[in-house]
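Heads up, the thing below is written out as C-alpha coordinates.
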2 protein chains.
Amino acid sequence: MEKTQLELEQVAHTLKLLGDKTRLTILGLVKDGECCVCEFVEVLQMSQPSVSQHLRKLRDAGFVKERKSGQWVFYSLNAGHEAFDLIQEVLQQIPDQKEKLSALEKAGLRIQCDS
Amino acid sequence: MEKTQLELEQVAHTLKLLGDKTRLTILGLVKDGECCVCEFVEVLQMSQPSVSQHLRKLRDAGFVKERKSGQWVFYSLNAGHEAFDLIQEVLQQIPDQKEKLSALEKAGLRIQCDS
DNA sequence: CCATTATATAAGTACATGCTTATATACGCA
DNA sequence: TGCGTATATAAGCATGTACTTATATAATGG
(Lines give C-alpha, C1' and ligand atoms only; values in the text may rest on other atoms or scores of the structure.)
Protein backbone atom coordinates (compact mmCIF):
# COMPACT_ATOMS: atom_id res chain seq x y z
CA MET A 1 0.00 0.00 0.00
CA GLU A 2 1.88 3.03 -1.22
CA LYS A 3 0.95 6.47 -0.21
CA THR A 4 0.05 8.46 -3.27
CA GLN A 5 0.93 12.12 -3.11
CA LEU A 6 -2.06 14.38 -2.79
CA GLU A 7 -2.51 17.66 -4.58
CA LEU A 8 -1.81 20.67 -2.45
CA GLU A 9 -5.34 21.94 -2.90
CA GLN A 10 -6.78 18.67 -1.74
CA VAL A 11 -4.63 18.71 1.37
CA ALA A 12 -5.66 22.30 2.09
CA HIS A 13 -9.32 21.41 1.67
CA THR A 14 -8.94 18.39 3.91
CA LEU A 15 -7.17 20.34 6.65
CA LYS A 16 -9.74 23.09 6.46
CA LEU A 17 -12.46 20.60 7.24
CA LEU A 18 -10.40 18.99 9.98
CA GLY A 19 -9.56 22.36 11.47
CA ASP A 20 -12.70 22.58 13.53
CA LYS A 21 -13.06 21.39 17.09
CA THR A 22 -16.46 19.79 16.54
CA ARG A 23 -15.54 17.90 13.38
CA LEU A 24 -12.22 16.80 14.80
CA THR A 25 -14.02 15.38 17.82
CA ILE A 26 -16.51 13.58 15.60
CA LEU A 27 -13.71 11.97 13.63
CA GLY A 28 -11.94 11.08 16.85
CA LEU A 29 -15.08 9.34 18.00
CA VAL A 30 -15.46 7.22 14.87
CA LYS A 31 -11.75 6.48 14.67
CA ASP A 32 -12.17 2.99 16.09
CA GLY A 33 -15.73 2.23 15.14
CA GLU A 34 -19.02 3.64 14.07
CA CYS A 35 -21.11 6.02 16.12
CA CYS A 36 -24.74 6.98 16.04
CA VAL A 37 -25.80 10.60 15.53
CA CYS A 38 -27.39 10.77 18.95
CA GLU A 39 -24.05 9.85 20.48
CA PHE A 40 -22.40 12.80 18.81
CA VAL A 41 -25.14 15.08 20.07
CA GLU A 42 -24.69 13.73 23.58
CA VAL A 43 -20.91 13.96 23.67
CA LEU A 44 -20.61 17.27 21.90
CA GLN A 45 -23.36 18.91 23.92
CA MET A 46 -24.54 20.68 20.83
CA SER A 47 -27.89 21.07 19.11
CA GLN A 48 -28.89 18.22 16.82
CA PRO A 49 -29.09 20.41 13.69
CA SER A 50 -25.63 21.80 14.29
CA VAL A 51 -24.18 18.31 14.64
CA SER A 52 -26.07 17.21 11.56
CA GLN A 53 -24.58 20.04 9.53
CA HIS A 54 -21.07 19.11 10.56
CA LEU A 55 -21.77 15.50 9.66
CA ARG A 56 -22.94 16.60 6.27
CA LYS A 57 -19.67 18.36 5.59
CA LEU A 58 -17.71 15.30 6.58
CA ARG A 59 -19.98 13.10 4.48
CA ASP A 60 -19.89 15.41 1.45
CA ALA A 61 -16.10 15.37 1.63
CA GLY A 62 -16.21 11.57 1.77
CA PHE A 63 -14.35 11.41 5.08
CA VAL A 64 -17.12 9.37 6.67
CA LYS A 65 -19.76 7.00 5.41
CA GLU A 66 -23.19 6.41 6.81
CA ARG A 67 -25.12 3.26 7.55
CA LYS A 68 -28.81 3.51 8.23
CA SER A 69 -30.35 1.06 10.60
CA GLY A 70 -33.94 1.57 11.57
CA GLN A 71 -34.44 5.11 12.61
CA TRP A 72 -30.77 5.56 13.42
CA VAL A 73 -27.85 6.59 11.29
CA PHE A 74 -24.36 5.36 12.08
CA TYR A 75 -21.25 7.06 10.84
CA SER A 76 -17.79 5.61 10.40
CA LEU A 77 -14.47 6.57 8.85
CA ASN A 78 -14.24 5.97 5.11
CA ALA A 79 -11.02 4.03 4.77
CA GLY A 80 -11.27 4.27 1.00
CA HIS A 81 -10.80 8.01 0.89
CA GLU A 82 -7.75 9.40 -0.89
CA ALA A 83 -6.79 11.43 2.15
CA PHE A 84 -7.39 8.59 4.59
CA ASP A 85 -3.73 8.36 5.54
CA LEU A 86 -3.53 12.06 6.22
CA ILE A 87 -6.69 11.92 8.31
CA GLN A 88 -5.34 9.05 10.34
CA GLU A 89 -2.05 10.84 10.92
CA VAL A 90 -3.99 13.77 12.29
CA LEU A 91 -6.29 11.67 14.45
CA GLN A 92 -3.25 10.03 15.94
CA GLN A 93 -2.24 13.41 17.34
CA ILE A 94 -5.37 14.10 19.33
CA PRO A 95 -6.37 12.73 22.73
CA ASP A 96 -8.65 9.72 22.76
CA GLN A 97 -12.27 10.74 22.29
CA LYS A 98 -13.96 7.44 23.03
CA GLU A 99 -13.38 8.08 26.70
CA LYS A 100 -15.92 10.83 26.53
CA LEU A 101 -18.53 8.30 25.50
CA SER A 102 -17.73 5.86 28.28
CA ALA A 103 -17.53 8.72 30.74
CA LEU A 104 -21.05 9.72 29.81
CA GLU A 105 -22.23 6.18 30.17
CA LYS A 106 -20.65 5.83 33.59
CA ALA A 107 -22.25 9.06 34.72
CA GLY A 108 -25.58 7.38 34.10
CA LEU A 109 -26.37 9.60 31.13
CA ARG A 110 -26.93 6.59 28.93
CA ILE A 111 -27.17 7.04 25.23
CA GLN A 112 -30.68 6.38 23.98
CA CYS A 113 -29.98 4.53 20.78
CA ASP A 114 -29.20 0.84 21.21
CA SER A 115 -26.18 0.54 18.97
CA MET B 1 12.45 13.02 21.42
CA GLU B 2 9.02 11.90 22.43
CA LYS B 3 5.94 13.26 20.84
CA THR B 4 3.78 14.92 23.43
CA GLN B 5 0.07 14.70 22.86
CA LEU B 6 -1.50 17.96 21.84
CA GLU B 7 -4.81 19.26 23.06
CA LEU B 8 -7.61 18.78 20.60
CA GLU B 9 -8.24 22.50 20.43
CA GLN B 10 -4.64 23.17 19.60
CA VAL B 11 -4.70 20.62 16.81
CA ALA B 12 -7.90 22.14 15.44
CA HIS B 13 -6.41 25.60 15.52
CA THR B 14 -3.26 24.38 13.83
CA LEU B 15 -5.14 22.59 11.07
CA LYS B 16 -7.36 25.58 10.51
CA LEU B 17 -4.31 27.69 9.79
CA LEU B 18 -2.79 24.99 7.59
CA GLY B 19 -6.06 24.53 5.74
CA ASP B 20 -5.41 27.31 3.30
CA LYS B 21 -3.72 26.93 -0.06
CA THR B 22 -1.58 30.03 0.29
CA ARG B 23 -0.31 29.29 3.79
CA LEU B 24 0.29 25.66 2.98
CA THR B 25 2.40 26.70 0.01
CA ILE B 26 4.36 29.14 2.14
CA LEU B 27 5.13 26.43 4.67
CA GLY B 28 6.04 24.07 1.86
CA LEU B 29 8.51 26.64 0.60
CA VAL B 30 10.24 27.10 3.95
CA LYS B 31 10.23 23.40 4.71
CA ASP B 32 13.88 22.98 3.79
CA GLY B 33 15.20 26.44 4.39
CA GLU B 34 14.33 30.06 4.82
CA CYS B 35 12.68 32.21 2.21
CA CYS B 36 12.44 35.92 1.69
CA VAL B 37 9.06 37.66 1.51
CA CYS B 38 9.63 38.72 -2.06
CA GLU B 39 10.06 35.08 -3.03
CA PHE B 40 6.66 34.24 -1.62
CA VAL B 41 5.13 37.12 -3.53
CA GLU B 42 6.79 35.94 -6.71
CA VAL B 43 5.86 32.28 -6.37
CA LEU B 44 2.35 32.83 -5.08
CA GLN B 45 1.54 35.49 -7.66
CA MET B 46 -0.35 37.43 -5.05
CA SER B 47 -0.28 41.00 -3.83
CA GLN B 48 2.40 41.81 -1.26
CA PRO B 49 -0.06 42.87 1.45
CA SER B 50 -2.00 39.65 1.07
CA VAL B 51 1.14 37.58 1.44
CA SER B 52 2.21 39.68 4.38
CA GLN B 53 -1.08 39.06 6.13
CA HIS B 54 -0.74 35.31 5.70
CA LEU B 55 2.79 35.48 7.05
CA ARG B 56 1.52 37.32 10.06
CA LYS B 57 -0.91 34.57 10.87
CA LEU B 58 1.80 31.97 10.60
CA ARG B 59 4.12 34.11 12.71
CA ASP B 60 1.48 34.87 15.34
CA ALA B 61 0.81 31.16 15.64
CA GLY B 62 4.53 30.58 16.05
CA PHE B 63 4.74 28.23 13.06
CA VAL B 64 7.47 30.33 11.46
CA LYS B 65 10.14 32.66 12.73
CA GLU B 66 11.57 35.68 11.02
CA ARG B 67 15.09 36.90 10.55
CA LYS B 68 15.67 40.43 9.38
CA SER B 69 18.65 41.14 7.22
CA GLY B 70 18.99 44.58 5.74
CA GLN B 71 15.76 45.50 4.10
CA TRP B 72 14.71 41.91 3.73
CA VAL B 73 12.88 39.57 6.02
CA PHE B 74 13.46 35.85 5.84
CA TYR B 75 11.02 33.31 7.20
CA SER B 76 11.72 29.76 8.27
CA LEU B 77 9.94 26.93 10.07
CA ASN B 78 10.02 27.17 13.85
CA ALA B 79 11.24 23.73 14.87
CA GLY B 80 10.58 24.57 18.50
CA HIS B 81 6.82 24.81 18.11
CA GLU B 82 4.67 22.36 20.02
CA ALA B 83 2.90 21.32 16.86
CA PHE B 84 6.07 21.05 14.82
CA ASP B 85 5.72 17.29 14.36
CA LEU B 86 2.15 17.65 13.16
CA ILE B 87 3.15 20.39 10.75
CA GLN B 88 5.94 18.26 9.35
CA GLU B 89 3.63 15.29 8.92
CA VAL B 90 1.34 17.49 6.92
CA LEU B 91 4.09 19.03 4.81
CA GLN B 92 5.28 15.56 3.98
CA GLN B 93 1.98 14.99 2.23
CA ILE B 94 2.15 17.84 -0.23
CA PRO B 95 4.10 18.07 -3.47
CA ASP B 96 7.48 19.75 -3.33
CA GLN B 97 7.13 23.53 -3.48
CA LYS B 98 10.76 24.47 -3.91
CA GLU B 99 10.49 23.46 -7.52
CA LYS B 100 8.29 26.45 -8.08
CA LEU B 101 11.15 28.70 -7.02
CA SER B 102 13.71 27.08 -9.27
CA ALA B 103 11.20 27.04 -12.10
CA LEU B 104 10.79 30.78 -11.77
CA GLU B 105 14.52 31.27 -11.74
CA LYS B 106 15.00 29.14 -14.83
CA ALA B 107 12.32 31.11 -16.62
CA GLY B 108 14.50 34.17 -16.17
CA LEU B 109 12.15 35.74 -13.66
CA ARG B 110 14.89 36.03 -11.12
CA ILE B 111 14.07 36.90 -7.58
CA GLN B 112 15.28 40.37 -6.71
CA CYS B 113 16.52 39.84 -3.20
CA ASP B 114 20.01 38.42 -2.90
CA SER B 115 19.44 35.75 -0.31
C1' DC C 1 18.31 64.32 3.61
C1' DC C 2 15.71 62.35 -0.13
C1' DA C 3 14.18 58.71 -3.22
C1' DT C 4 13.73 53.93 -3.70
C1' DT C 5 12.85 49.39 -2.19
C1' DA C 6 10.99 45.90 1.09
C1' DT C 7 7.72 44.92 4.28
C1' DA C 8 3.89 45.74 7.50
C1' DT C 9 -0.43 47.59 8.85
C1' DA C 10 -5.09 49.72 8.38
C1' DA C 11 -9.64 50.14 6.59
C1' DG C 12 -13.19 48.57 3.61
C1' DT C 13 -15.72 44.88 1.44
C1' DA C 14 -17.45 40.45 -0.42
C1' DC C 15 -18.03 36.04 0.83
C1' DA C 16 -17.73 31.89 3.91
C1' DT C 17 -18.82 29.73 8.26
C1' DG C 18 -21.34 28.07 12.20
C1' DC C 19 -24.72 28.72 14.92
C1' DT C 20 -30.01 29.41 15.77
C1' DT C 21 -35.12 28.27 15.14
C1' DA C 22 -38.46 26.20 12.36
C1' DT C 23 -39.80 22.60 9.50
C1' DA C 24 -39.39 18.40 6.60
C1' DT C 25 -38.54 13.48 6.13
C1' DA C 26 -38.44 8.83 7.46
C1' DC C 27 -38.92 5.03 10.35
C1' DG C 28 -41.20 2.12 14.13
C1' DC C 29 -45.04 1.11 16.62
C1' DA C 30 -49.84 1.19 18.65
C1' DT D 1 -53.42 5.67 10.03
C1' DG D 2 -51.55 8.60 13.21
C1' DC D 3 -47.98 9.61 16.93
C1' DG D 4 -43.31 9.76 18.73
C1' DT D 5 -38.48 9.58 17.83
C1' DA D 6 -34.28 10.28 14.97
C1' DT D 7 -32.27 12.80 11.56
C1' DA D 8 -31.90 16.15 7.78
C1' DT D 9 -32.68 20.47 5.65
C1' DA D 10 -33.89 25.42 5.21
C1' DA D 11 -33.62 30.20 6.30
C1' DG D 12 -31.77 33.89 8.98
C1' DC D 13 -28.12 36.09 11.33
C1' DA D 14 -23.64 37.25 13.62
C1' DT D 15 -19.02 36.63 13.07
C1' DG D 16 -14.72 35.32 10.67
C1' DT D 17 -11.79 35.32 6.58
C1' DA D 18 -9.17 36.80 2.66
C1' DC D 19 -8.83 39.81 -0.46
C1' DT D 20 -8.43 44.95 -2.09
C1' DT D 21 -6.36 49.86 -1.96
C1' DA D 22 -4.03 53.17 0.65
C1' DT D 23 -0.62 54.28 3.81
C1' DA D 24 3.04 53.58 7.39
C1' DT D 25 7.62 51.97 8.69
C1' DA D 26 12.28 50.85 8.00
C1' DA D 27 16.52 50.20 5.60
C1' DT D 28 19.67 51.43 1.61
C1' DG D 29 22.16 54.28 -1.50
C1' DG D 30 22.74 58.59 -3.94
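The sequence lines fix the lettering, A, B, ..., with proteins before strands; numbering per chain opens at 1. This structure is a prediction, so every number in the text was calculated from the model and none was measured.
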Original post:
Do the side-chain N or O atoms of B/His54 get closer than 4.0 angstrom to the phosphate oxygens (OP1, OP2) of D/dC19?
Top reply: yes
Subject >> Interatomic distance, A/Glu39 atom CD to A/Lys98 atom NZ [nearest 0.5 angstrom] >> reply: 6.5 Å
Original post:
Does B/Lys16 place a side-chain N or O at less than 4.0 Å from the phosphate oxygens OP1/OP2 of D/dT17?
Top reply: yes
Original post:
Okay, side chain of A/Arg23, backbone of A/Leu17: is any donor-acceptor separation there less than 3.5 Å?
Top reply: yes
Original post:
In whole Å, what is the span from the CH2 atom of B/Trp72 to the P atom of C/dA8?
Top reply: 14 Å
Original post:
Has B/Ser50 got a side-chain N or O lying under 4.0 Å from the OP1 or OP2 atom of D/dA18?
Top reply: no
Original post:
On DNA chain C, nearest-nucleotide positions of A/Gln71 versus A/Gln48: which is more 5'?
Top reply: A/Gln48
**OP:** Mind calculating the distance between CD (B/Gln45) and P (D/dT20) to the nearest angstrom?
**Re:** 12 Å
**OP:** Just call it for B/Lys57: base, sugar-phosphate, or nothing, with non-hydrogen atoms closer than 4.0 Å on any strand.
**Re:** sugar-phosphate
Original post:
Where the side chain of B/Gln53 is defined as all heavy atoms beyond and including C-beta, which of D/dA6, C/dT7, C/dA11 is the nearest nucleotide?
Top reply: C/dA11
Original post:
Does A/Ser52 put a side-chain nitrogen or oxygen below 4.0 Å from OP1 or OP2 of D/dT7?
Top reply: no
**OP:** To the nearest 0.5 angstrom, please state how far the CG atom of A/Leu58 sits from the CG atom of A/Asn78.
**Re:** 11.5 Å
**OP:** Would you mind reading off the distance between A/Phe74 atom CZ and D/dT7 atom P, rounded to a whole angstrom?
**Re:** 8 Å
**OP:** Choose from C/dG18, C/dA8, D/dA8 the nucleotide whose nearest atom is closest to any side-chain atom of A/Arg23.
**Re:** C/dG18
Subject >> Sugar-phosphate, base or nothing in reach of B/Tyr75, heavy atoms under 4.0 Å >> reply: sugar-phosphate
Original post:
For B/Met46 and C/dT7, what is the distance between atoms CE and C1' respectively, to the nearest whole Å?
Top reply: 15 Å
Original post:
B/Lys21 NZ to C/dA16 C1': how many Å, rounded?
Top reply: 18 Å
Original post:
Considering only C/dG18, C/dA8, C/dT9, which nucleotide approaches the side chain of B/Arg56 most closely?
Top reply: C/dT9
Subject >> Interatomic distance, B/Leu18 CG vs D/dA18 P [rounded to whole Å] >> reply: 12 Å
Subject >> OP1 or OP2 of D/dC19 under 4.0 Å from side-chain N/O of B/Thr22 >> reply: yes
Original post:
Please give, in whole Å, the distance from D/dT28 C1' to B/Lys68 NZ?
Top reply: 16 Å
Original post:
Within this structure, what is the CG-to-P distance between B/Leu55 and C/dA8, rounded to whole angstrom?
Top reply: 6 Å
**OP:** Output the single nucleotide from C/dA22, C/dG18, C/dT7 whose closest atom is nearest the side chain of B/Cys38.
**Re:** C/dT7
Subject >> Spatial distance of atom NZ (A/Lys16) from atom NZ (B/Lys16) [nearest 0.5 Å] >> reply: 10.0 Å
Subject >> Distance-only polar pair, side chains of B/Tyr75 and B/Arg59, donor-acceptor under 3.5 Å >> reply: yes
